[in-house]
Peer 1: 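One structure is given below, represented as structure tokens, and several questions about it will come after.
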Amino acid sequence: MGTNTAIFHSSFLRRSINPPSPSPSPSPCFSNPVKFNCREECWRTVSMQHQHLRRSVKPRALPGAESVNGAYSEEQEAEDEKFVQSSSSSPPSPSSAIDFLTLCRLLKTTKRTGWVNHGIQNAESIADHMYRMAAMALIVADVSGINRDRCVKMAIVHDIAEAIVGDITPSDGIPKEEKSRREREALDEMCRVLGGGVREIRELWNEYENNSSPEANMVKDFDKVELILQALEYETEHGKILDEFFESTTGKFQTDVGKAWAAEILARRSKRIDHACKEQYHS
């Protein structure tokens, strides 16, 4: 297996985010194309470009940490929540809807960090990942107590905040609590862009984030299934060994569907590796 591993050796690349090409008739809040050199810069820049919003996203300090760039007060937190709640009952205006969808474009153009770090060319985007998860929810067999339509919606929403913060991974060295805080602030920012009709988006995102329902359990499993399926496909297409992605999901599936689908993927991977080893042995 040492020789086989050497054959599939891969180099690691760091991720950079390139700006989208400017539209012929850009929305006022996207009128200044900016090259995003990192996820944090992207996050701050998009916030500043939305001049029509009541405020920009500001980093908040973690509990027990010093205030950085002005931590939010409890009064500001309450004011923001009141604003979102008051806006959530009515549909968004056409202008707000297009601003929101333009922001969502970053989900189509931002590549998933793990694959970029492993040197995968033309790696999947965040939107690619979410779409196949939604397809999983669409085709899965009926399960008692689980609303499949809600699973489809949750799959579409669960990574939506990454349009602003990017795809943060363990390799970035950002604590889980900080990652969650950034994504929650980004979601709040996107809800302010949309203006109306945000209640369901917030509910679905929070439900997934807290893993607080049978639907969230299922979609969490879809997230892991999609990850290892994509890893298998990249191993096959690019001749790589991507063990870490499979190891990161071991023992973490919560549903029978997730366990069954993961077992099928692992069986196919094992068969492919055995075949490659036999070919190498006889060559």
Peer 1: side-chain hydrogen bond (donor to acceptor under 3.5 Å, both in side chains) with E235: which of K240, R269, Q230?
Peer 2: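 Exactly one option meets the side-chain hydrogen bond (donor to acceptor under 3.5 Å, both in side chains) with E235, and it is R269.
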Peer 1: Judged by atom type as modelled, is there a donor-acceptor pair below 3.5 Å linking the side chain of T113 to the main-chain atoms of D167?
Peer 2: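 Yes, T113 side chain to D167 backbone: donor-acceptor pair under 3.5 Å.
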Peer 1: With side chain to side chain donor-acceptor pair (under 3.5 Å) as the test, would you mind laying out the steps for D99 and T102 before giving the verdict?
Peer 2: CA-CA 5 Å; D99 281 346; T102 301; 5.4 Å; no
Peer 1: If you measure from CG on D149 to CD on E215, what distance do you get to the nearest 0.5 Å?
Peer 2: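 One finds 10.5 Å between CG of D149 and CD of E215.
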Peer 1: Counting only heavy atoms not in K220, do more than 12 fall under 6.0 Å of its NZ?
Peer 2: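 It does: K220 NZ has more than 12 such atoms within range.
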Peer 1: Could you walk me through whether H118 and F245 pass the ring pair (Phe, Tyr, Trp, His ring centres under 6.0 Å) check?
Peer 2: CA-CA 11 Å; H118 279 271; F245 297 98; 5.2 Å; yes
Peer 1: Linking I/L/V/M/F/W/Y whenever any side-chain heavy atoms sit under 4.5 Å apart, do V143 and V219 land together?
Peer 2: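 Looking at the clustering, V219 is in the same group as V143.
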Peer 1: Output, in order, the C-alpha distance, side-chain angles, deciding distance and verdict of side chain to side chain contact (heavy atoms under 4.5 Å, CB included) for W261 and L229.
Peer 2: CA-CA 9 Å; W261 288 11; L229 177 56; over 6 Å; no
Peer 1: If I take atom CZ from residue R150 and atom OG from residue S213, how far apart are they, to the nearest 0.5 angstrom?
Peer 2: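 Taking CZ in R150 and OG in S213, the distance rounds to 6.5 Å.
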Peer 1: Crowded around D256 CG? As in, over 12 foreign heavy atoms under 6.0 Å?
Peer 2: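 No, because the 6.0 Å sphere around CG of D256 holds 12 heavy atoms or fewer from other groups.
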Peer 1: Starting at CG of L103, measure out to CD of E189 and round the result to the nearest 0.5 Å.
Peer 2: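 Taking CG in L103 and CD in E189, the distance rounds to 8.0 Å.
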Peer 1: Ignoring hydrogens and angles, tell me if any N or O in the side chain of S270 forms a donor-acceptor pair with the backbone of L266 under 3.5 Å.
Peer 2: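 Not at all, since once roles are kept as given, no pair shorter than 3.5 Å links the two residues.
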Peer 1: Are more than 12 heavy atoms from other residues, nucleotides or ligands located less than 6.0 Å from atom CG of N210?
Peer 2: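 Atom CG in N210 is packed in, count exceeds 12.
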Peer 1: Could you go step by step and tell me if R272 and T236 meet the side chain to side chain contact (heavy atoms under 4.5 Å, CB included) rule?
Peer 2: CA-CA 8 Å; R272 187 193 68 80; T236 303; 3.1 Å; yes
Peer 1: To the closest 0.5 Å, what do you measure between NE2 (H129) and CZ (F222)?
Peer 2: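 Here the rounded value is 12.0 Å.
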Peer 1: Please test K111 against D128 for salt bridge (charged side-chain N to carboxylate O under 4.0 Å, His left out), starting from the C-alpha separation and ending with a verdict.
Peer 2: CA-CA 9 Å; K111 304 301 184 182; D128 292 333; 5.4 Å; no
Peer 1: Is the backbone N or O of T255 less than 3.5 Å from a side-chain atom of D221, with the two atoms forming a donor-acceptor pair by type?
Peer 2: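 A pair under 3.5 Å: yes.
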Peer 1: Calculate, to the nearest 0.5 Å, the distance between atoms CD1 and CG belonging to I126 and L107 respectively.
Peer 2: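 Spacing of CD1 (I126) from CG (L107) equals 5.5 Å.
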Peer 1: State whether E124 and R132 are salt-bridged, where the test is any N-O pair (Lys NZ or Arg NE/NH1/NH2 against Asp/Glu carboxylate O) under 4.0 Å.
Peer 2: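 No.
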Peer 1: Any idea which heavy atoms bring F253 and K224 closest together, and the distance?
Peer 2: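 Closest approach of F253 to K224: CE2-CB, 3.5 Å.
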Peer 1: Working to the nearest 0.5 Å, report the span between CD of E200 and CE of M154.
Peer 2: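 Nearest 0.5 Å value for the CD-CE distance: 9.5 Å.
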Peer 1: Stepwise, does the side chain to side chain contact (heavy atoms under 4.5 Å, CB included) test hold for V157 with Y208?
Peer 2: CA-CA 9 Å; V157 166; Y208 178 86; over 6 Å; no
Peer 1: Do the charged groups of E178 and R182 touch, with an N to O distance under 4.0 Å?
Peer 2: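 Salt bridge between E178 and R182, a charged N being under 4.0 Å from a carboxylate O: yes.
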